[in-house]
Amino acid sequence: MEQYLIPTLIVTGIGILAGVVLTIASKFMAVKVNEAAVKVRRALPGVNCGACGYAGCDDYAASLVNDHTVKANLCTPGGSAVSLEISEILGISFVAAEGKYALVKCSGTFDKTNYVMDFKGIQSCAANKMFYRGRGSCSRACLGFGDCVEACEYGAISMVNGVAKIDKLKCVGCSVCVRKCPNHLITIVPSGLTTYVGCSSQDDGAKTHRACKTGCTACRKCEEVCRFDAIHVTGNLAEINPDQCMNCGMCIKACPSGIIKSNRMKKI
């Protein structure tokens with residue numbers, strides 16, 4: 001019996017000593033937790049989308065607490081409700097969050113363009129983009145495999161006639177889909193902007209028209225009619241400045257390709 005007793009006591013003693021050492025170490029080496037940072041982090045939705053401009057919710061929460069110049073209304077998915085809660089926690093003035101949503105700058109549906117290959121590899125936009133330049137006649141068109149659909153946690157994106165379509169009412173502007181699109185077709189815009197250019201091709205007009213019946217041909221007619229200097233053609237593609245656009249619709253009427261559109265919600 002004694003042959004087991006001594007080893008047992010030794011092991012027990014070592015365990016007790018280790019416990020005491022760890023307890024003392026935890027007291028001296030403990031990192032103080034900032035309660036405000038913890039509360040702010042809990043207020044954030046935890047999407048870690050990066051729409052606020054920070055690495056994730058943890059980074060944004062820490063920055064809010066440590067740097068008082070950081071705005072509390074940068075969380076697009078959380079909206080004004082989260083902005084208000086953070087403002088109350090930090091004791092700062094409340095500023096409503098600016099609503100944003102995503103737009104797909106492509107109109108190359110099956111009836112407007114076509115595929116030039118039957119891709120048999122991994123059925124994803126990312127995989128297809130790595131093979132040659134994609135499967136469409138337009139190298140900048142929606143690849144149609146729905147990587148953005150799978151990435152969206154809000155069910156705001158669906159594939160319609162070969163092109164990703166975003167439901168403005170469901171979209172929170174988190175920008176996760178923006179990073180998922182290998183052709184960089186998705187952009188985040190202020191909720192007040194309803195006029196947009198549904199194309200991303202930067203080829204010359206003739207080449208764009210051959211690849212897609214509804215592509216921007218850089219004719220500049222939209223520039224000519226805009227009274228607010230809000231739309232310009234750069235790199236063979238019309239682009240709208242959301243800070244200057246008044247959504248008057250003049251460019252929509254002037255565009256011969258029908259590529260400038262409006263997604264203004266119709267009143268019921």
Side-chain angles (χ1 to χ4, degrees), residues 100-115 125 129 134-149 152 156-171 173 175 177-178 180-226 228 230-266:
K100 295 180 181 179
Y101 71 103
L103 281 174
V104 178
K105 300 180 68 176
C106 178
S107 302
T109 52
F110 291 139
D111 55 321
K112 302 297 182 182
T113 187
N114 54 73
Y115 292 152
C125 299
K129 181 65 177 179
R135 58 178 174 172
S137 55
C138 174
S139 62
R140 297 297 299 275
C142 178
L143 294 164
F145 289 102
D147 290 16
C148 55
V149 177
C152 183
I157 311 177
S158 58
M159 296 304 301
V160 179
N161 203 9
V163 176
K165 184 173 182 178
I166 296 175
D167 186 336
K168 186 178 178 181
L169 294 177
K170 293 181 180 179
C171 179
S175 78
C177 57
V178 175
K180 275 292 181 178
C181 179
N183 269 351
H184 311 294
L185 303 179
I186 307 177
T187 185
I188 302 295
V189 298
S191 58
L193 182 70
T194 59
T195 304
Y196 69 101
V197 180
C199 181
S200 293
S201 175
Q202 294 183 340
D203 294 329
D204 61 70
K207 186 175 181 180
T208 295
H209 186 68
R210 288 195 298 269
C212 181
K213 296 177 183 178
T214 186
C216 178
T217 58
C219 67
R220 298 183 183 275
K221 290 184 178 180
C222 52
E223 281 188 357
E224 296 172 4
V225 300
C226 183
F228 307 100
I231 186 166
H232 292 279
V233 174
T234 55
N236 294 319
L237 179 65
E239 295 184 355
I240 296 175
N241 184 339
D243 295 327
Q244 294 180 242
C245 180
M246 302 302 290
N247 299 304
C248 67
M250 293 300 293
C251 57
I252 297 175
K253 297 177 182 178
C255 180
S257 299
I259 200 61
I260 306 179
K261 307 176 181 182
S262 173
N263 62 359
R264 187 191 302 272
M265 304 301 295
K266 295 181 179 180

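This structure is a prediction, so every number in the text was calculated from the model and none was measured. Along the sequence shown, residues carry numbers from 1.
- Residues Ser107 and Lys261 form a side-chain contact, since some pair of their non-hydrogen atoms from C-beta on lies under 4.5 Å apart.
- Looking at residues two or more places apart in sequence or on another chain, you find no side-chain hydrogen bond (donor to acceptor under 3.5 Å, both in side chains) involving Glu224.
- For the atom pair CG of Leu193 and CG of Leu103, the computed distance is 7.0 Å after rounding to the nearest 0.5 Å.
- The nearest pair of heavy atoms linking Met159 to Ala164 is CE-N, 3.6 Å.
- For Lys207, the side-chain contact (heavy atoms from CB on, under 4.5 Å) criterion is met by Asp203, Asp204, Arg210, not counting sequence neighbours.
- For Lys213, the NZ atom sits in a loose shell: 12 or fewer heavy atoms of surrounding residues, nucleotides or ligands are nearer than 6.0 Å.
- Counting non-hydrogen atoms of other residues, nucleotides and ligands closer than 6.0 Å to CE of Met246 gives a total of 12 or fewer.
- The distance from atom NZ of Lys168 to atom OG of Ser191, rounded to the nearest 0.5 Å, is 6.5 Å.
- The shortest non-hydrogen separation linking Thr113 to Ala211 is OG1-O, 2.7 Å.
- Shown here is Lys100, whose NZ atom has no more than 12 heavy atoms of other residues, nucleotides or ligands within 6.0 Å.
- Within the 3.5 Å criterion, the main-chain N or O of Val233 finds a donor-acceptor partner in the side chain of Glu223.
- Atoms NZ and CG, from Lys129 and Asn183 in turn, are 4.0 Å apart once rounded to the nearest 0.5 Å.
- Counted within 6.0 Å of NZ on Lys180, heavy atoms from surrounding residues, nucleotides or ligands total 12 or fewer; the atom is thus considered open.
- At a cut-off of 3.5 Å, with distance as the only test, a side-chain donor of Ser201 or Thr208 sits close to an acceptor on the other residue.
- Listed for the Thr214 side chain is a donor-acceptor partner under 3.5 Å among the backbone atoms of Ser257.
- Taking all atoms of both residues into account, the shortest heavy-atom contact from Cys251 to Thr195 is SG-CG2, 3.8 Å.
- Asn236 places a side-chain N or O within 3.5 Å of a backbone atom of Gln202 that can act as its donor or acceptor partner.
- Closest approach of Ile186 to Ala102, counting heavy atoms only: CG2-CB, 3.8 Å.
- Atom SG in Cys106 sits 9.0 Å away from atom CG in Leu143 (nearest 0.5 Å).
- Nearest heavy atoms, Cys125 versus Gly146: SG-N, 3.7 Å.
- With a 4.5 Å cut-off on side-chain heavy atoms, Arg135 and Phe145 count as touching.
- You'll find the side chain of Cys152 stays beyond 4.5 Å of the side chain of Cys177, heavy atoms only.
- The shortest heavy-atom contact between Pro256 and Lys221 is CD-CD, 4.2 Å.
- A donor-acceptor contact shorter than 3.5 Å links the side chain of Ser262 to the backbone of Arg264.
- Judged as a side-chain hydrogen bond (donor to acceptor under 3.5 Å, both in side chains), and not counting sequence neighbours, Ser200 has no contacts.
- To the nearest 0.5 Å, atom CD1 of residue Ile166 and atom SG of residue Cys171 are 5.5 Å apart.
- Between atom CD of residue Glu239 and atom SG of residue Cys222 there is a gap of 10.5 Å, rounded to the nearest 0.5 Å.
- By the 4.5 Å heavy-atom criterion applied to side chains, Tyr101 and Ile188 are not counted as neighbours.
- Residues Asp167 and Ser158 are not in side-chain contact: their nearest non-hydrogen atoms beyond the backbone lie 4.5 Å or more apart.
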